[in-house]
Amino acid sequence: MRIDKYLANMNVGSRKEVHVLIKKGIVTVNGDVVKTPKQQVKESDEVLVDGQEVNYQKYHYFLMNKPKGVLSATEDRSQRTVISLLKPQDQYQGITPVGRLDKDTTGLLLLTNDGQLNHELLAPNKHVDKIYRAKIAGVADDETVKTFASGMTLGDGTKLKPAELKILVQDEEHDSSEIEIKIREGKYHQIKRMFGAVGMKVVELERISMGKLKLPKDLKRGNYIELSLDDVSKIK
Ligand code: URA
């Protein structure tokens with residue numbers, strides 16, 4: 001590929017900015033100063049900009065602790081999206097959230113420019129388990145556990161796969177519960193609609209895992225980490 005594309009893909013700068021760096025004579029490939037933006041490079045070449053090595057990595061995977069109030073989308077006319085929480089140098093072309101969390105849901109959200117992985121994880125037959133913690137208005141009990149385990153049908157006829165509900169706190173006095181729920185699908189507002197169908201309301205919702213990937217306890221809301229390919233293979 002062309003050196004200007006290589007550097008732009010690695011977010012060294014826009015194509016225009018990269019052309020300026022090349023003109024300045026501070027870009028080298030395998031020790032030779034690059035003279036033209038058209039020069040071809042391979043991913044295995046040693047590319048330096050101002051003495052700093054720029055390794056080629058095609059795909060990036062970020063694990064974010066999504067805060068409330070931001071959309072799981074790449075762009076929106078009026079509202080902030082999760083992409084805006086990435087540092088400018090991490091806003092690679094094509095980077096997208098893998099699936100969606102509601103605006104008021106927090107927790108584990110993957111972002112990647114690897115379209116293939118994104119597609120694979122969202123495919124209905126892939127069955128990636130997702131675990132959520134929630135605060136509920138209403139007292140969840142064994143009946144609720146059974147209803148969710150049986151694979152319920154929502155009011156609009158949507159048939160759901162069995163879901164595993166664990167009750168962590170049952171508070172009769174305040175008519176509330178804290179629960180953990182494992183689902184395999186990711187239907188629109190799925191957990192809120194499941195609780196709605198049994199006369200309860202989700203007050204707080206946080207995703208804590210996706211496949212074998214867990215939300216790190218020390219990752220603050222709004223922060224993110226880059227995952228290695230090895231981490232990513234755990235989700236598949
Ligand atoms: N279920 C919901 O209702 N909302 C989410 O954000 C995720 C799962």
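In this chain, residues are counted from 1 in sequence order. Note that these values count all heavy atoms, side chains included, but never hydrogens, waters or copies made by symmetry. Order of appearance sets the numbers: ligands from 1, and atoms from 1 within every ligand.
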| field | For atom 1 (N) of ligand 1, closest protein heavy-atom neighbour | value | I191 N, 3.1 Å
| query | Between D104 and K192, is there a salt bridge with N-O shorter than 4.0 Å? | reply | yes
| said: With a 6.0 Å cut-off on the ring centroids, do Y61 and Y224 count as close? | reply: no
| message | Polar contacts were defined as any N/O atom of the residue lying under 3.5 Å from an N/O atom of the ligand; does this apply to R193 and ligand 1? | response | no
| task | Considering the heavy atoms of L101, write down every atom of ligand 1 situated less than 4.0 Å from one of them. | result | 6 (O)
| Short N/O distance, under 3.5 Å, between Y132 and ligand 1? | no
| Between S176 (side chain) and A137 (backbone), is there a donor-acceptor pair under 3.5 Å? | no
| task | Would you mind reporting whether Y132 and I208 have side-chain heavy atoms less than 4.5 Å apart? | result | no
| request: With heavy atoms under 4.0 Å as the rule, classify the contact between I183 and ligand 1 as side chain, backbone, both or neither. | output: neither
| remark: Closest to atom 4 (N) of ligand 1 by heavy-atom distance, out of I181, D102, V202, is D102
| query | Does an N or O anywhere in H189 fall below 3.5 Å from an N or O of ligand 1? | reply | yes
| query | When you look for heavy atoms under 4.0 Å from ligand 1, do you find them on the side chain of T105, its backbone, both, or neither? | reply | side chain
| message | Pairing donors with acceptors under 3.5 angstrom, does anything connect the side chains of H189 and D102? | response | yes
| said: Does either side chain, that of N223 or that of N65, offer a donor lying less than 3.5 Å from an acceptor on the other one? | reply: no
